[in-house]
Amino acid sequence: MHYWLIKTEPSTFSFIDLKNAKNRTTCWEGVRNYQARNFLRSMNIGDRAFFYHSVAQPTAIIGIVEVVKMAYPDHTQFDPSSKYYDQKSNPDAPRWFMPDFRYLAEFSLPVTLEELKKIPGLEKMELLRKGSRLSVQPVTSAEWEIILNFRQVSD
DNA sequence: GCCAACGTTGGC
DNA sequence: GCCAACGTTGGC
């Protein structure tokens with residue numbers, strides 16, 4: 001099993017939206033960065049990810065999701081009315097892929113970016129690297145454990 | 001292949 | 001709203 005962190009702007013899709021979704025499950029459309037795409041494609045069923053709110057007050061990890069469906073072509077790339085439309089993508093060789101994620105747990109309180117910066121052992125975490133903007137990023141098992149030990153989660 | 005111009009992300 | 005740090009595009 002591998003661990004990840006996925007970012008979303010809550011004004012676009014929030015953790016509450018996920019909890020309100022059918023089966024508490026959502027596809028992860030709209031990623032249009034190759035490095036992030038490659039991470040999405042390497043996810044396996046059962047992998048877990050921190051659900052992070054960016055451009056939010058506060059910016060924070062809110063909860064945990066699990067991969068319930070491996071990456072498949074993101075339909076929005078072929079939809080001219082979608083803001084994620086990609087004119088250059090070919091249905092015979094799709095560019096963009098998305099897995100499905102399902103709600104797993106929620107932190108008793110969000111783990112804020114400010115807090116994360118102060119937690120020993122997270123100094124090398126991708127999220128905290130200066131200039132980092134990857135919206136899908138790997139998390140080491142050590143980093144995962146440190147954050148879970150920092151704050152309680154509940155179903 | 002280089003790199004300037006441009007667009008985007010995302011913290012503050 | 002600002003702007004640093006990236007990623008992408010496209011002329012050459």
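Residue numbering restarts at 1 for every chain, and letters A, B, ... go by the order of the sequence lines. All figures in this text were calculated on a predicted structure; none of them were measured in a lab.
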Enquirer: In whole angstrom, what separates A:E9's CD from B:dG11's C1'?
Expert: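 Nearest whole value for this atom pair: 11 Å.
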Enquirer: In whole angstrom, what separates A:Q87's CD from C:dG10's P?
Expert: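 Distance, rounded to whole Å: 11 Å.
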Enquirer: Could you tell me whether A:H75 atom NE2 has more than 12 heavy atoms of other residues or ligands within 6.0 Å of it?
Expert: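 Correct, the count exceeds 12.
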Enquirer: Figure out the CG/C1' separation between A:N33 and C:dA5, and round it to whole Å.
Expert: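 Roughly 13 Å, once rounded to whole Å.
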Enquirer: Expressed in angstrom and rounded to an integer, what is the separation of A:Q137 atom CD from B:dT9 atom C1'?
Expert: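 Nearest whole value for this atom pair: 13 Å.
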Enquirer: Taking side-chain hydrogen bond (donor to acceptor under 3.5 Å, both in side chains) as the criterion, tell me which of A:N90, A:D74, A:D86 meets it with A:R95.
Expert: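 Passing option: A:D86.
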Enquirer: At what distance, to the nearest 0.5 angstrom, does CD of A:Q77 lie from NZ of A:K88?
Expert: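 Rounded to the nearest 0.5 Å, the CD-NZ separation comes out at 14.0 Å.
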Enquirer: To the nearest Å, give me how far apart CG (A:L134) and C1' (B:dG11) are.
Expert: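 To the nearest whole Å, that distance equals 16 Å.
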Enquirer: Tell me whether the side-chain N/O atoms of A:K83 come closer than 4.0 Å to OP1 or OP2 in B:dT8.
Expert: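 It does not, given that no N or O in the side chain of A:K83 lies less than 4.0 Å from OP1 or OP2 of B:dT8.
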Enquirer: It should be established whether A:R129 places a side-chain nitrogen or oxygen under 4.0 Å from OP1 or OP2 of nucleotide C:dC6.
Expert: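 The answer is yes; a side-chain N or O of A:R129 sits under 4.0 Å from OP1 or OP2.
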Enquirer: Nearest heavy atom decides the nucleotide; on that basis, is A:K88 or A:K130 closer to the 5' end of DNA chain C?
Expert: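 Taking each residue's closest nucleotide, the earlier one in sequence belongs to A:K130.
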Enquirer: When you check the phosphate oxygens OP1 and OP2 of B:dT8, does a side-chain N or O of A:Y84 lie under 4.0 Å from one of them?
Expert: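 No.
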Enquirer: Would a line drawn from the ring center of A:Y3 to the ring center of A:F50 be shorter than 6.0 Å?
Expert: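 Aromatic pair excluded; centres sit 6.0 Å or further apart.
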Enquirer: To the side chain of A:V55, which of B:dC12, C:dT9, B:dG10 is closest?
Expert: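 For the A:V55 side chain, the nearest candidate turns out to be B:dG10.
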Enquirer: I want to verify a distance call: between C:dT8, B:dG11, B:dG7, whose nearest atom is closest to the A:S54 side chain?
Expert: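 Nearest listed nucleotide: B:dG11.
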Enquirer: Sub-3.5 Å donor-acceptor pair from the side chain of A:R37 to the main-chain atoms of A:F97, do we have one?
Expert: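 It does not hold such a pair.
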Enquirer: Nearest to the side chain of A:R133, heavy atoms from C-beta on, is which of B:dG7, B:dG11, B:dC12?
Expert: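 Taking heavy atoms from C-beta onward, the closest nucleotide is B:dG7.
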Enquirer: Without decimals, in angstroms, what is the distance between A:Q57 CD and B:dG10 C1'?
Expert: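 A:Q57 atom CD is separated from B:dG10 atom C1' by 13 Å.
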Enquirer: Has A:K7 got a side-chain N or O lying under 4.0 Å from the OP1 or OP2 atom of B:dT9?
Expert: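 For B:dT9, OP1/OP2 do not have a side-chain N/O of A:K7 under 4.0 Å.
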Enquirer: Using atom CG of A:L128 as one end and atom P of B:dC12 as the other, report the distance to the nearest whole Å.
Expert: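 Roughly 10 Å, once rounded to whole Å.
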Enquirer: Rounding to a whole Å, what distance do you find between A:E126:CD and B:dG11:P?
Expert: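 Atom CD in A:E126 sits about 13 Å away from atom P in B:dG11.
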